[in-house]
Amino acid sequence: MPDIRRGSLRRMLDAKGLVTAMEAHDGLTGLVVENTVVYQNGGAHQYDAMWVSSLCDSTAKGKPDIELVDMTSRFRTIEDITEVTTKPIIFDGDTGGKTEHFVYTVRSLERLGVSMVIIEDKTGLKKNSLFGTEVVQTQDSIESFSEKIRAGKKAQRTKEFMICARIESLILEQGMEDALERAFAFVAAGADAIMIHSRKKDPSEIFEFLEKFREKDSKTPVVLVPTSFNSVKEEEWKERGANVIIYANQLMRATVPAIQEAARIILENHRAEECDKMLMPFKDIIRLIPDEV
Ligand code: SPV
Ligand code: MG
């Protein structure tokens with residue numbers, strides 16, 4: 001139920017200190033995130049939460065990640081996921097759009113049982129951060145983005161819902177000082193968490209940000225998306241002061257080469273037999289999907 005799900009992220013953050021989230025872009029990937037479990041060190045290990053990525057939600061629809069997929073469609077994806085899962089949802093809200101629109105988005109997300117929306121401090125035509133400075137991307141001003149955060153916090157009706165401010169200064173090569181200034185300003189404007197992003201393989205700029213941010217703020221949760229800087233283990237991120245680790249696109253990236261290869265093999269052989277060895281039997285897929293609720 002939305003009320004229980006919405007509050008579960010905050011409860012997990014309080015209890016565990018570090019929460020992991022895996023990308024889900026439809027009911028099936030939601031079920032995979034919900035049910036994947038490994039047994040390690042005498043215990044069951046699972047993802048804590050789900051990330052509804054703008055990149056993967058758009059990619060699943062064959063569209064670019066430029067805020068083209070409208071909110072009604074993004075909400076439909078959330079509903080597909082919430083119908084078959086229970087884990088808390090972190091929603092990628094892109095730039096949040098116009099402040100006048102963002103306040104409505106906040107209310108809708110609360111009703112859907114989403115725990116956290118992350119909005120990024122960019123304006124104009126949003127492009128995916130992994131393009132960095134290879135494409136034109138404009139960072140919003142501290143004042144204007146702080147106003148959006150304040151309006152969102154004022155609009156929300158439930159106490160647990162979280163608004164996370166995502167800082168694009170390192171992506172847009174604006175420097176560490178700019179990133180830190182924004183982080184403190186956005187927390188002062190009411191952000192419940194901050195996300196710092198980087199597209200470098202080397203994690204040192206994220207380490208530096210965490211160290212400097214934690215010197216002045218020991219409480220505000222910090223969210224990371226280690227797609228490029230993927231060598232650091234969750235345990236080390238926790239020691240360095242991070243609180244949410246999002247695996248933002250790995251399920252989508254595992255899917256695309258597999259389906260491309262299956263399509264190619266069948267086309268080449270004029271039949272499906274050669275492809276069979278790479279396919280999961282349908283009876284196993286059916287088992288992923290519960291008969292009853
Ligand atoms: C997404 O998953 O859509 C994100 C994270 O925003 S990133 O693609 O790294 O910008
Ligand atoms: Mg995104």
Side-chain angles (χ1 to χ4, degrees), residues 19-26 29-30 32-33 47 49-71 73-75 77-78 81 88-97 102 105 109 114-140 145 148 162-174 179 182 191 193-203 205-206 209 222-232 237 242 244-256:
V19 163
T20 60
M22 172 53 91
E23 175 266 312
H25 54 267
D26 55 18
T29 45
V32 169
V33 181
Y47 295 107
M50 291 177 288
W51 165 243
V52 180
S53 150
S54 68
L55 175 62
C56 297
D57 204 357
S58 308
T59 304
K61 292 168 172 48
K63 300 264 174 73
D65 181 19
I66 53 171
E67 296 188 285
L68 173 64
V69 178
D70 65 46
M71 275 299 161
S73 171
R74 305 281 320 275
F75 295 161
T77 302
I78 296 175
I81 295 169
I89 292 176
I90 304 173
F91 180 72
D92 179 355
D94 286 319
T95 66
F102 180 56
T105 303
L109 292 172
V114 169
S115 301
M116 182 196 276
V117 62
I118 302 186
I119 51 169
E120 59 196 270
D121 60 351
K122 287 202 298 234
T123 188
L125 180 63
K126 190 221 79 153
K127 303 268 177 66
N128 185 270
S129 299
L130 301 173
F131 287 120
T133 50
E134 290 157 31
V135 293
V136 177
Q137 309 208 50
T138 316
Q139 204 168 12
D140 203 355
F145 197 68
K148 200 181 281 186
M162 299 173 80
I163 297 179
C164 173
R166 164 173 168 173
I167 297 150
E168 293 284 288
S169 304
L170 303 181
I171 293 281
L172 300 173
E173 296 174 10
Q174 295 304 302
R182 284 169 177 269
I194 56 149
M195 174 184 152
I196 183 70
H197 206 15
S198 163
R199 64 198 278 258
K200 295 203 172 129
K201 183 103 189 119
D202 178 354
E205 64 179 6
I206 299 289
F209 178 91
V222 175
V223 180
L224 301 177
V225 177
T227 302
S228 305
F229 46 101
N230 57 8
S231 59
V232 183
W237 284 127
V244 180
I245 301 297
I246 296 178
Y247 298 102
N249 48 46
Q250 285 77 8
L251 299 191
M252 175 61 80
R253 286 160 64 201
T255 304
V256 174

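Just so you know, ligand 1 is whichever comes first in the structure, and atom 1 is the first atom listed for that ligand.
In the model, E23 has no side-chain atom that pairs as donor or acceptor with a side-chain atom of T29 under 3.5 Å. Neither side chain, S53 nor D92, offers a donor N or O lying under 3.5 Å from an acceptor on the other. With no hydrogens or angles considered, no side-chain donor-acceptor pair links K127 and Q137 at under 3.5 Å.
At a 4.0 Å heavy-atom cut-off, ligand 1 does not touch H25 at all. At a heavy-atom distance under 4.0 Å, no atom of I246 approaches ligand 1. Looking at H197 against ligand 1, only its side chain comes within 4.0 Å, counting heavy atoms.
The distance from the Mg ion (ligand 2) to the nearest N/O/S atom of S53 is not under 2.8 Å. Among the backbone and side-chain atoms of D92, an N, O or S atom lies under 2.8 Å from the Mg ion (ligand 2).
Close approach of ligand 1 to S129 (heavy-atom distance below 4.0 Å) involves ligand atoms 10 (O). Of all the atoms in ligand 1, the ones that sit under 4.0 Å from a non-hydrogen atom of A248 are 2 (O).
Of the protein's heavy atoms, D92 OD2, 3.4 Å lies nearest to atom 4 (C) of ligand 1. When only non-hydrogen protein atoms are considered, atom 5 (C) of ligand 1 lies nearest to R166 NH1, 3.9 Å. For atom 8 (O) of ligand 1, the closest non-hydrogen atom of the protein is N128 ND2, 2.9 Å. In this structure, atom 2 (O) of ligand 1 lies nearest to the protein heavy atom S53 OG, 2.8 Å.
Between the side chain of E67 and the backbone N or O of D65 there is no donor-acceptor pair closer than 3.5 Å.
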(request) Apply salt bridge (Lys or Arg N to Asp or Glu O under 4.0 Å) to D57 and K63, showing your working. (result) CA-CA 9 Å; D57 204 357; K63 300 264 174 73; over 6 Å; no
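Distances between N or O atoms of N249 and those of ligand 1 include no value under 3.5 Å. For L55, a nitrogen or oxygen atom sits less than 3.5 Å from a nitrogen or oxygen atom of ligand 1, counting backbone and side chain alike. Close N/O approach between S54 and ligand 1 is found [any backbone or side-chain N/O within under 3.5 Å].
When side chains are defined from C-beta on, V19 does not count as touching I90, because their heavy atoms never get closer than 4.5 Å. Looking at T227 and R253, their side chains come closer than 4.5 Å, going by heavy atoms from C-beta outward.
Taking the six-membered ring for Trp and thresholds of 30 and 60 degrees, F75 and F91 have ring planes inclined between 30 and 60 degrees apart.
Heavy atoms of E23 stay at 4.0 angstrom or farther from ligand 1.
Of the options T95, D121, T138, a side chain to side chain contact (heavy atoms under 4.5 Å, CB included) to E168 is made by D121 and by none of the others.
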